[in-house]
Amino acid sequence: MLIGAGGLAIGFALGGLVLMAALGHALQRGVDTDAVGTARGVAELVNVRALPQPVPVSGGQIVQVVDAQHRVRSASIGADRLVPLLRPDELAEARAGKSRYVDGSRAGVSGPLRVVAVKAGPPDDPQTVIVARPVSSLRASVNVVRTALLTTYPLLIAVLALFAWRVVGAALRPVEELRAGAETITGGGSSDRLPVSGSQDEIQRLAVTLNDMLDRLAYARARQRAFVADAAHELRSPLANMRTELEVAKRIGDPAEVDDLLVDVERLSRLVDDLLLLARADDAPGLARTEPIELGALLRETAERYSAARVPVTIAVGAAQWTSGDPQALRHVLSNLVDNAVRHATSRVTLAVVPGGFTVIDDGPGIPAADRERVFERFTRLDDARARDAGGAGLGLAIVQELVHRHGGTVTLTDAKPGVRARVRLPMLPLLRRGGSPFLSARLRMIRVPGSS
């Protein structure tokens, strides 16, 4: 605000200087125009040899007609009839059209004189008409204006500074309210908000935008707290089991408890791996690497790894479908879907390549339509009565959704009648064509999914 007031004061000062310069120039130009007009009128009289004595003038002007010998031929009332107003060198410059100031003592007046000269007379008798006009009154007028400006300038600056302070203060008051509101935000709850003014302006839109940002941060904070709480809850169960089994084994010395411990350790390791994967996905949402992947090869590789599963895992591979992504991440997606399908299937699990992606189908009890979105939330399990060892930690589908989104795709669950159909859609690479038949370039044909046969 102080910088603005200082700039305003400098601007008014420059404006005052420009005004004074323009006023002085206008007054001087007016005097010169009036004097030149008088000189030309007298010159016409000289040219026709009709100049009266004394030379008639008005407006307090002083006129002399000087010949080539620098003698005064004619003069107005009050003008010196013996000594010209201009010296020979000054007269030469005046005849060339240059106006000048001379001291008024040359004409017996106080203050300066503005003098102009115009050529007159026949070629055999050249003469010069000199016209002078006192400018003391004009300079007095300029001084009056200057005094008025110097008197009113500080008062004007003070009034404008006060006005600017009030206006800028009123404009910045919502900003100060936002600052004060921001100081009260502690980040400890979702009720933290900034005040929103009722005016429909940029400050109001800024406050709304900041509150939306606070809502997103509060949601992320609540989600993080829920994630930590759920993770702690899930970790407590295997740790408690391991502690109990270790205490029992210590008391009775039964080595059979080691097998149960291995089961808990394996479950705990899977949970820690899943938590680490989700944490890395939250920190780095992009893909570590990408390469072309043939979905049929990926499904065959996964089916081979589940050859000893509880139910048969079969594949139905159609036309070649290529996508670009991280093979390890897509392998993790497919493994989680197949694990979930095998866990709930009654007699079979089917993997199929379909246009735009692939599907994993089981013939189990299915998922109610109202819960098909909720199951993708972290630590969500629909069957609360089943054992945790059999049901997992509820992170599998959350990991699937996270990894598929990172590939620019979507995953949805639909009714397979019976069972559930998990449909994964991914961006596909285009097939090249030559001679009317589809083919892949030599480079793509040589790319193989790691681990595939």
Side-chain angles (χ1 to χ4, degrees), residues 215-216 218-235 267 270-287 295 298-299 302 323 325-326 328-345 349-352 354 356-386 388-427:
D215 289 338
R216 294 192 297 271
Y219 173 76
R221 185 168 57 247
R223 185 181 179 187
Q224 182 182 20
R225 288 175 177 172
F227 179 78
V228 172
D230 291 337
H233 180 73
E234 292 294 334
L235 290 172
R267 177 186 165 216
R270 290 197 305 269
L271 178 58
V272 171
D273 290 340
D274 289 344
L275 291 174
L276 181 60
L277 190 150
L278 286 174
R280 289 175 176 173
D282 290 339
D283 291 338
L287 294 174
L295 296 182
L298 185 64
L299 265 61
T302 303
T323 187
D326 184 350
Q328 185 63 32
L330 290 181
R331 190 179 296 111
H332 203 143
V333 168
L334 194 52
S335 297
N336 281 8
L337 290 176
V338 174
D339 283 341
N340 193 65
V342 169
R343 185 181 303 119
H344 299 95
V349 173
T350 304
L351 312 182
V354 296
F358 61 87
T359 59
V360 178
I361 306 172
D362 67 73
D363 59 351
I367 299 176
D371 295 325
R372 290 173 190 167
E373 292 293 333
R374 189 168 66 88
V375 293
F376 288 106
E377 298 176 2
R378 300 175 183 183
F379 298 105
T380 298
R381 285 184 297 240
L382 299 181
D383 187 5
D384 295 333
R386 66 188 176 182
R388 291 182 181 270
D389 290 340
L395 292 176
L397 291 180
I399 292 174
V400 168
Q401 187 179 60
E402 186 70 34
L403 295 179
V404 170
H405 284 176
R406 291 172 65 182
H407 283 78
T410 60
V411 55
T412 56
L413 300 179
T414 58
D415 192 359
K417 298 181 181 180
V420 174
R421 176 185 289 104
R423 171 71 183 273
V424 176
R425 292 180 174 84
L426 297 169

Once rounded to the nearest 0.5 Å, what's the spacing between atom [atom1] of [X] and atom [atom2] of [Y]?
X: Gln401; Y: Thr410; atom1: CD; atom2: OG1; result: 9.5 Å
X: Asp362; Y: Ile367; atom1: CG; atom2: CD1; result: 8.0 Å
X: Arg374; Y: Glu377; atom1: CZ; atom2: CD; result: 7.0 Å
X: Glu402; Y: Phe376; atom1: CD; atom2: CZ; result: 12.5 Å
X: Thr359; Y: Arg425; atom1: OG1; atom2: CZ; result: 10.5 Å

Return the set of residues passing side chain to side chain donor-acceptor pair (under 3.5 Å) with Glu373 (not counting sequence neighbours), or none when no residue passes.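 Applying side chain to side chain donor-acceptor pair (under 3.5 Å) to Glu373 gives none.
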
For Thr412, side chain to side chain donor-acceptor pair (under 3.5 Å) partners two or more places apart: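 Partners of Thr412 under the side chain to side chain donor-acceptor pair (under 3.5 Å) test: none.
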
Side chains of [X] and [Y]: does their closest heavy-atom pair fall under 4.5 Å?
X: Phe358; Y: Leu337; answer: yes
X: Arg423; Y: Val354; answer: yes
X: Ile361; Y: Val420; answer: no
X: Leu413; Y: Val375; answer: yes

List the steps and the verdict of side chain to side chain contact (heavy atoms under 4.5 Å, CB included) for Leu334 and Leu299. CA-CA 8 Å; Leu334 194 52; Leu299 265 61; 3.7 Å; yes

Taking all atoms of both residues into account, what is the closest heavy-atom pair of [X] and [Y], and its distance?
X: Leu426; Y: Leu330; value: CD1-CD2, 4.1 Å
X: Ala329; Y: Leu403; value: O-CD1, 3.6 Å
X: His407; Y: Asp326; value: NE2-N, 3.0 Å
X: Gly419; Y: Asp415; value: O-OD1, 3.3 Å

With a 3.5 Å distance limit and no angle check, can you tell me whether Arg372 reaches the backbone of Thr414 through a side-chain donor-acceptor pair?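 Side chain of Arg372 to backbone of Thr414, a donor-acceptor pair under 3.5 Å: no, none is there.
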
Which residues pass the salt bridge (Lys or Arg N to Asp or Glu O under 4.0 Å) test with Asp363, sequence neighbours left out?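 Partners of Asp363 by the salt bridge (Lys or Arg N to Asp or Glu O under 4.0 Å) criterion, ordered by chain and then number, come out as Arg348.
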
Between Asn336 and Leu397, is the side chain to side chain contact (heavy atoms under 4.5 Å, CB included) condition met? List the steps. CA-CA 7 Å; Asn336 281 8; Leu397 291 180; over 6 Å; no

